[in-house]
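Here is the structure we will look at.
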Amino acid sequence: MTIDHGALRIKYRVERDKRLRPDGNDQYLEPTGRFASMLDDPYTERIEREPRFDDVTVALIGGGFSGLCVGARLKQAGIDDVRIIEAGGDFGGAWYWNRYPGAMCDTAAMIYLPLLEETGHMPSAKYVMAPEIFEHCQRIAKTFDLYSNALFSTEVTELEWDAAAAHWIIRTDRGDAIRAQFVAMGTGPLNRPKLPGIPGIETFAGHSFHTSRWDYAYTGGDWAGAPMTNLADKRVGIIGTGATAVQCIPPLARDAHELYVLQRTPSSVDVRNNHPIDPEWFATLEPGWQKKWLLNFATLQTGGFADEDLVQDGWTDISQRIRDRIVEKVAAGNELTPALADLAFLESDDEKMEEIRARCDAVVEDHETAQDLKAWYRQLCKRPCFHDEYLPAYNQPNCHLIDTDGKGAERIDETGVRAAGLHYELDCLIFASGFEVGTSYDRRSGYDTIGRDGHRLSECWQDGMRSMHGIHAHGFPNLFIIGFAQGANLISNVTSNLADSGTTIAAVVRHALETGADEVEVTAEAERSWMDLLDSSPASFFGNADCTPGYYNNEGQPLNARARFGMAGYPLGPVAYFEYIDNWRNSGDFEGLEFCTR
Ligand code: NDP
């Protein structure tokens, strides 16, 4: 394949420039006012209960994979008095809320589903559907006895450090004031739905909902894939063509009378090639296999060398192409420099994206639609998608792609949407418009955290997250943050960050309990030097200003400290971080933390 790399650079820039807008992240709307009910829990009835005023050793805020992984690791470390507080009606987090049809994870289940060996579960397929992931969340909770002490349908409203008593007080919307010696916060990076700031959005008189609160009462059907029979006579519009929309458009195209997909920027949609997992093969895996797979994936996905590619997916494919090109260039006598690595990355990326664009021509019958579905940016500028039914959906006569040439819908009115110069009458409008990223932590978590001397986390992090290891924040004793930023930052497989954080947090809590320490806190100096280390690292590809706008690059706006530090990772990469942190916690010194006994 001959690729005109120069022409691609120009095309990418033209397409990016079309989409740049001065309001950046401010273009989106919070679901408040008329839309506030969009945040209600459609899956579990809220049952009134008496407020709780008791004590626990460790409280975990958030019952998604963050809370579950940390809860499991705490239990494994012999710490039993653990309570998970969760806004939803069950465990699951993202997998509790996101029940849209077709929901699945396009990271391979063998590595995405944490604690597979500990729970004895074999994934049904290479990529599994959301109900199986949700069940796995429940399985972890059952295996590690996390249900008995959990509080569901409970939103934390404030977290305050009580210095005199050396514990946290957790206040909730149920009137609870729970005391916890330690708190870990796992409220997730993509938990707060946002709406597109399209003029007139509040005037739509038909039915509407966000994909993270799918209204099966309206559409019919269910999460397991039953047809949405109520849509058979409906004109449905969907705003957004990100990773969520790519998954729910095929079932919508199957069931709706007419489907109008309002596209601002196409996703890159590569082959998924799903297949069932063979139980006989699975039974041959040796104990410790998941750790080996996780390391293999992280190594290959971040450009390292391994004898074999165990996962073999789109994530490892692009990385291996880059690596092979570097090897080729060095073998041809070139010196290995950052510029050579960048060139290898660019060439591999162009090759990959040309293949992905060619797929549109090969699959989509209508020439114009195929052209409109082509993504003109580098693969990691936006969340790469992998799907085998998305592109064919456009071959159905009732599935209409309304491409807006980067502008988005012009207007919403009582009866529908105006886009690309035409008006579309709709009965139902679905917002696949994503989640808040880059707004303040307290806004996304829904509560503020008041630490030592009344300092608020929202103020301390006004100019961005500050931590050591992405876990400990100075001024906030006995508090842990569960995530990936400022730690391994392996975004291609978020759960491996969480399971590893769990091991770290459990080790710290256990050490505090064993030594009788009342408080553990990162020193200001240790936090500063970790931040300096992150700051010294070369700019990550995420945040690339040449990319088309999206949440990976602060919507194309200059990277302020909040955006930059919110996506920073250990400079030597995830594999080096996992090794570093393993040594750190096993040394028993817990360097940078101060344990204090009164
Ligand atoms: P995204 O933020 O990725 O996508 C939002 C979509 O809404 C984009 O296509 C965006 O267009 C569009 N949009 C926003 N405003 C407008 C407007 N005014 N007019 C028209 N279109 C508009 O959200 P998703 O829910 O799709 O995905 C969020 C994340 O969740 C993913 O990035 C991924 O990390 C995760 N996810 C993971 C999955 C998995 O398989 N593991 C599956 C699903 C989600 P534009 O691109 O132009 O901004």
Side-chain angles (χ1 to χ4, degrees), residues 15-16 18-21 23-29 65 93-95 97-100 102-109 111-113 127-130 133 188-201 210-214 237-249 260-270 272 274 313-315 373 375-377 380-387 390 402-412 417-420 429-438 484 491-495 542 547-556:
E15 291 293 330
R16 181 204 65 169
K18 270 183 206 170
R19 292 168 171 84
L20 280 176
R21 34 191 291 173
D23 50 359
N25 230 337
D26 292 338
Q27 69 181 282
Y28 298 107
L29 302 177
F65 275 132
W95 300 105
W97 295 110
N98 287 279
R99 301 188 184 197
Y100 57 84
M104 69 177 322
C105 182
D106 54 19
T107 300
I111 53 164
Y112 180 74
L113 295 182
Y127 304 100
V128 291
M129 304 298 291
I133 304 175
L190 294 164
N191 62 329
R192 222 179 137 71
K194 67 184 187 199
L195 295 171
I198 301 171
I201 184 172
H210 188 273
T211 48
S212 66
R213 305 287 190 277
W214 196 271
I238 180 163
I239 293 191
T241 46
T244 297
V246 163
Q247 296 182 346
C248 66
I249 282 169
Y260 297 95
V261 179
L262 292 134
Q263 174 178 270
R264 190 165 69 176
T265 309
S267 279
S268 73
V269 187
D270 203 355
R272 184 174 54 202
N274 203 7
D313 67 356
W315 292 101
L373 285 165
W376 297 103
Y377 47 80
L380 296 181
C381 282
K382 278 192 179 284
R383 173 63 153 82
C385 298
F386 306 93
H387 211 284
Y390 176 68
I402 315 301
D403 181 55
T404 61
D405 196 24
K407 295 183 197 68
E410 288 150 34
R411 206 175 169 82
I412 297 177
V417 175
R418 191 174 170 82
L429 182 55
I430 299 170
F431 297 110
S433 43
F435 302 86
E436 286 193 17
V437 179
F484 47 89
I491 66 150
S492 52
N493 190 24
V494 168
T495 54
F542 298 102
C547 279
T548 188
Y551 77 81
Y552 279 3
N553 72 344
N554 197 28
E555 299 292 338

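None of these values were measured; they are calculated from a predicted model. Whatever order the structure lists them in is the order used to number ligands and atoms, beginning at 1.
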* Asked: Can you pull the residues with any heavy atom under 4.0 Å from ligand 1?
  ->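 For ligand 1, the contacting residues are Y28, Y100, M104, C105, D106, L190, P196, I198, I239, G240, T241, G242, A243, T244, Q247, R264, T265, K382, R383, G408, A409, A432, S433, G434, F435, Y551.
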
* Asked: Hey, does Q247 have a side-chain heavy atom less than 4.5 Å from the side chain of D106?
  ->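 Counting from C-beta outward, D106 and Q247 do come under 4.5 Å.
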
* To do: State which residues pass side chain to side chain contact (heavy atoms under 4.5 Å, CB included) with A108; sequence neighbours excluded, sorted by chain then number.
  =>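 With neighbours one apart ignored, the set is I111, K126, Y127, V311.
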
* Which of parallel (below 30°), tilted (30 to 60°) and perpendicular (above 60°) describes W95 and Y112? ->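 Taking Y112 first and then W95, their aromatic rings stand perpendicular (interplane angle over 60°).
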
* Say you draw a straight line from OH of Y552 to SG of C547; how long is it, rounded to the nearest 0.5 Å? -> 10.5 Å

* Asked: Just how far is it from atom NE2 of H210 to atom OG1 of T244, taken to the nearest 0.5 Å?
  ->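 Rounded to the nearest 0.5 Å, the NE2-OG1 separation comes to 7.5 Å.
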
* To do: Over all heavy atoms of both residues, which pair between I238 and C248 is shortest? Give the atoms and the distance, please.
  =>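 So the two residues come closest at CD1-SG, 3.7 Å.
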
